[in-house]
Amino acid sequence: MEFCNLNVEQKKAVEHVNGPLLVLAGAGSGKTRVLTCRIANLIKHHKIPPWGILALTFTNKAAREMLQRVENLLGEDAAPVWLSTFHSFCIRILRFEAAHTGMGNNFVVYDDNDQLSVYDEIIKQLELDKNMFSKRLLCERISQAKNYSLNAEEFLRDEAFSEVYLKVYKLYQKRLKQYNALDFDDILLKTIDLFKANPEVLAHYQNRFKFIMVDEYQDTNMAQYELVYLLAKEHQNLFVVGDDDQSIYGWRGANIRNILEFEKDFAGAKIIRLEQNYRSTDVILDAANSVISNNINRKKKALWTEEKGGILIRTYCAYNEKDEADYICKQILEGIRQGQKADAFAVLYRTNAQSRIIETTLAAYGIAHQVYGGQRFYERAEIRDVLAYLRLFYNPADDIAFVRAINTPRRGIGNAAISALTSIASEKGISLYAAAQNSQSLPTAMYSKLKRFTDVIEDLSLQKNKLGLFEFTKKLLLCIEYDKYLKESKGDTYETRLENIDELLGSIKEFEEGLVENTDALGAYLENISLVSDIDALQEQNGRVALMTLHSAKGLEFHTVFIAGMEEGIFPNRKSGIEPKELEEERRLCYVGITRAMKALHLIHAQQRNLYGDFAFNPHSRFLEEIPDELCESCSASSYAIAAALKQKPSKQVQKFAHGGFGAIIREKDMPSSAAPSVQYKEYQRVKHAAFGSGTVLKIEGTGSAQIITIDFGTMIKKFAASYAPIEIE
DNA sequence: ACACTGTGAGTTTTT
DNA sequence: CTCACAGTGT
């Protein structure tokens, strides 16, 4: 195609028109380019109407990116292409076909937290033994049943304690229906039900979407597979792109069989392999190929690049996790000194718990960084509080939202009142909110408290339509005196929480401004946030080192990548590692990690690691063994670093070989002063920081390892932990 | 109804 | 170690 610069294989894929095709796209092989160019090609050269094309992705970020690129290629013609995530596609169908679903079009989406609350209720109602059937366990098993097979009941029947699970499952589904809510699994399953129960509806969409494309096909679960199968079976124009070697969500129901058996599922399917990589050096690709070749269950392929050679992979054997973090920081500082931007670096790890020490160490070194993942914005308590109110306005049948809202801020309404309302509600077959409105029969004290709440809600309801969503939410916060509640709640978190609320308001405002007129802003907003994640907000080139789990890193690339915790038990994780199938998934995760790196890769393991307050001595990861020695340059914590970690005085003769970064040998004066005998700083003293250059000491606070010094670099003023920062006296 | 305290579990989380 | 949650005590 004239507007894409494509290699031979990419070109074949882009020019494919009819019939099923699997594109096995290795990491960094230009799969997004292939997807977007094919869409453009279909429209421009084959006169396929844009509204006849459906492209499905897993993340909003991927959908946005693809849409952007298709727009760049096609301009306005791109607008009618349906390009969205599986879940938003299904929600659109379900709302549009509400007449056939029996659910109405104002259902809400329940996330994990809401699900757990539902299971809480069920445990109470069925009087289950919480130690045996925790809400977590129930939620996990039942979600798994819904994900893994299309017949959850049948799946659960094979389980131990199947009667309990079946009972819970049925009650759970009944509750969601009552609350007019769908969980993430249901969004897909209900769409499949809709299509199966209404062949004429299915036929309509089959005829509309004659060309279907799926991104990250290796991550599809059985429901997604079934959905795609149904939609594509009439015309068989199914174009899927994926990499079985990057299938890392098996534990969430993704079924690698879908990609491995694509040719069986769709007769006459062709396969095109994209093996030329445009991201990484030869060294990095050789390492990745070598590791992944240890997996049996895969489609054979090998990435290659025209860019021969490259910096050797650094394996570093740290003394402990602190030394690991120090190593990472020093390498980054050295890179920055050589002119790199902080956002060229990423630190990847297997578990979120590992991020903490790296984070604090980066902060101590004064390196700008950003942690992705971990606690999510919309899961924060204060955010969920406000959302509970908004949800209640949108859908008064949402009992989960009601329970949260009614006693936040505290209104003296506790378990006793909730139980009373629950009996009224189940007796009359109404929602808890409706029960609260009809609670005259309850004791006067209770009734008046409930009345006060429903009055506030009804008052606000009247204003809901007069005000925009942003103004309404501000009014809501005022009416319930939320600020006062935050101030009164203990702890020093008031300011952070208030900031979060401000951020929420900001997001509402921004969302509202982007809406076309006459849209139901509240419904649209609630739907939007339930389908959006933090990683969507990852901006590249934000001037910070990125910290994230290996899972979160999929799809991203960085000049230099550090993988921390390359140890047996951590990576591969001991919770996975035993079964061959799970070990293969860990290995794919390692492959994903390695292939994030463009130029430089550091693999780090620690001899000793503080784990759950105990010392662990993990052998280094088997994945390190799977990389040929000649691709690596190994170094380890010298006795100097060990001494530093032990806070002892180092012996002189070995110190100059500690931590040579980017080929440079860092000498004693560059080592952080935590290792050297403590340095005495004075105000107005001239000092030199490894990354920021020369400056003047402004202030010294505290002593010893807690000492903080403030330095004026002329263009900026920064604070450092004196014992960690790479500062020397000039 | 709420605060406090003890217990126990601690992998990953696109939607 | 450190956080979340459930159960107890006021």
Side-chain angles (χ1 to χ4, degrees), chain A residues 56-63 84-91 109-113 115-116 120 123-124 130-131 134-137 139-140 143 147 182-188 215-216 218-221 223-224 246-254 321 348-354 356-357 372-376 378-379 381 407 410-418 445-446 449 488-490 527-536 538 548-556 565 569-577 582 585-586 588-590 592-593 609-616:
Chain A
L56 296 170
T57 66
F58 279 83
T59 66
N60 299 298
K61 189 162 173 270
S84 73
T85 63
F86 272 98
H87 288 82
S88 23
F89 171 74
C90 288
I91 286 179
V109 178
Y110 269 16
D111 67 13
D112 322 3
N113 271 297
Q115 290 186 59
L116 289 176
D120 251 345
I123 289 167
K124 223 181 276 169
K130 284 180 196 167
N131 294 318
S134 70
K135 58 181 171 185
R136 281 254 146 73
L137 181 75
C139 186
E140 238 164 63
S143 174
N147 270 319
L182 294 180
D183 65 21
F184 285 124
D185 308 324
D186 286 337
I187 291 171
L188 301 168
D215 188 20
E216 306 276 18
Q218 76 282 353
D219 288 336
T220 50
N221 63 26
Q224 282 148 342
Q246 292 187 68
S247 167
I248 55 174
Y249 285 103
W251 51 276
R252 272 185 104 232
E321 74 277 358
L348 310 182
Y349 34 79
R350 177 66 235 269
T351 66
N352 282 309
Q354 290 168 257
R356 197 166 177 154
I357 178 127
Y372 295 93
Q375 223 220 359
R376 285 185 275 187
Y378 293 107
E379 278 171 19
N407 211 25
R410 313 249 113 103
R411 295 188 179 88
I413 300 168
N415 285 336
I418 300 291
M446 207 180 257
K449 283 177 190 164
E488 283 165 3
S489 17
K490 61 169 186 318
E527 179 161 314
N528 176 261
I529 56 168
S530 62
L531 298 177
V532 139
S533 78
D534 285 9
I535 204 88
D536 290 332
L538 182 132
M548 66 185 88
T549 62
L550 287 150
H551 282 88
S552 302
K554 197 175 76 162
L556 305 175
I570 292 184
F571 188 32
N573 197 274
R574 74 169 60 72
K575 285 241 172 179
S576 303
E582 292 177 327
E585 183 149 314
E586 293 285 302
R588 291 194 290 269
L589 192 55
C590 183
V592 167
R609 186 177 291 274
N610 207 318
L611 204 63
Y612 308 140
D614 223 1
F615 285 111

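Computed from a prediction, not measured in an experiment: that's the story for all the values here. Order of the sequence lines sets the chain letters (A, B, ...), proteins ahead of strands, with each chain counted from 1.
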OP1 or OP2 of [N] versus the side-chain N and O atoms of [X]: is any pair under 4.0 Å?
X	N	answer
A/Arg410	B/dA3	yes
A/Asn60	B/dT14	no
A/Asn352	B/dG10	no
A/Thr57	B/dT14	no

### Task
Can you check whether any acceptor in the base of B/dT15 is under 3.5 Å from a donor in the side chain of A/Arg252, or vice versa?
yes
### Summary
Side-chain contact check for A/Asp219: nearest option of B/dT13, B/dT14, C/dC5 is B/dT14
### Task
Could you say whether A/Asn407 or A/Leu589 is positioned toward the 5' end of DNA chain B, judged by the nucleotide with the nearest heavy atom to each?
A/Asn407
Atom-pair distance ([atom1] on [X]; [atom2] on [N]), nearest Å:
X	N	atom1	atom2	answer
A/Lys61	B/dT14	NZ	C1'	11 Å
A/Lys554	B/dT15	NZ	C1'	13 Å
A/Leu56	B/dT14	CG	C1'	14 Å

### Query
What closest approach, in Å, do A/Asp120 and A/Lys135 show between heavy atoms, and which atom pair accounts for it?
OD2-NZ, 3.1 Å
If you look at every strand shown and take non-hydrogen atoms under 4.0 Å, does [X] touch a base, only sugar-phosphate, or nothing?
X	value
A/Phe86	nothing
A/Arg356	sugar-phosphate
A/Asn415	sugar-phosphate

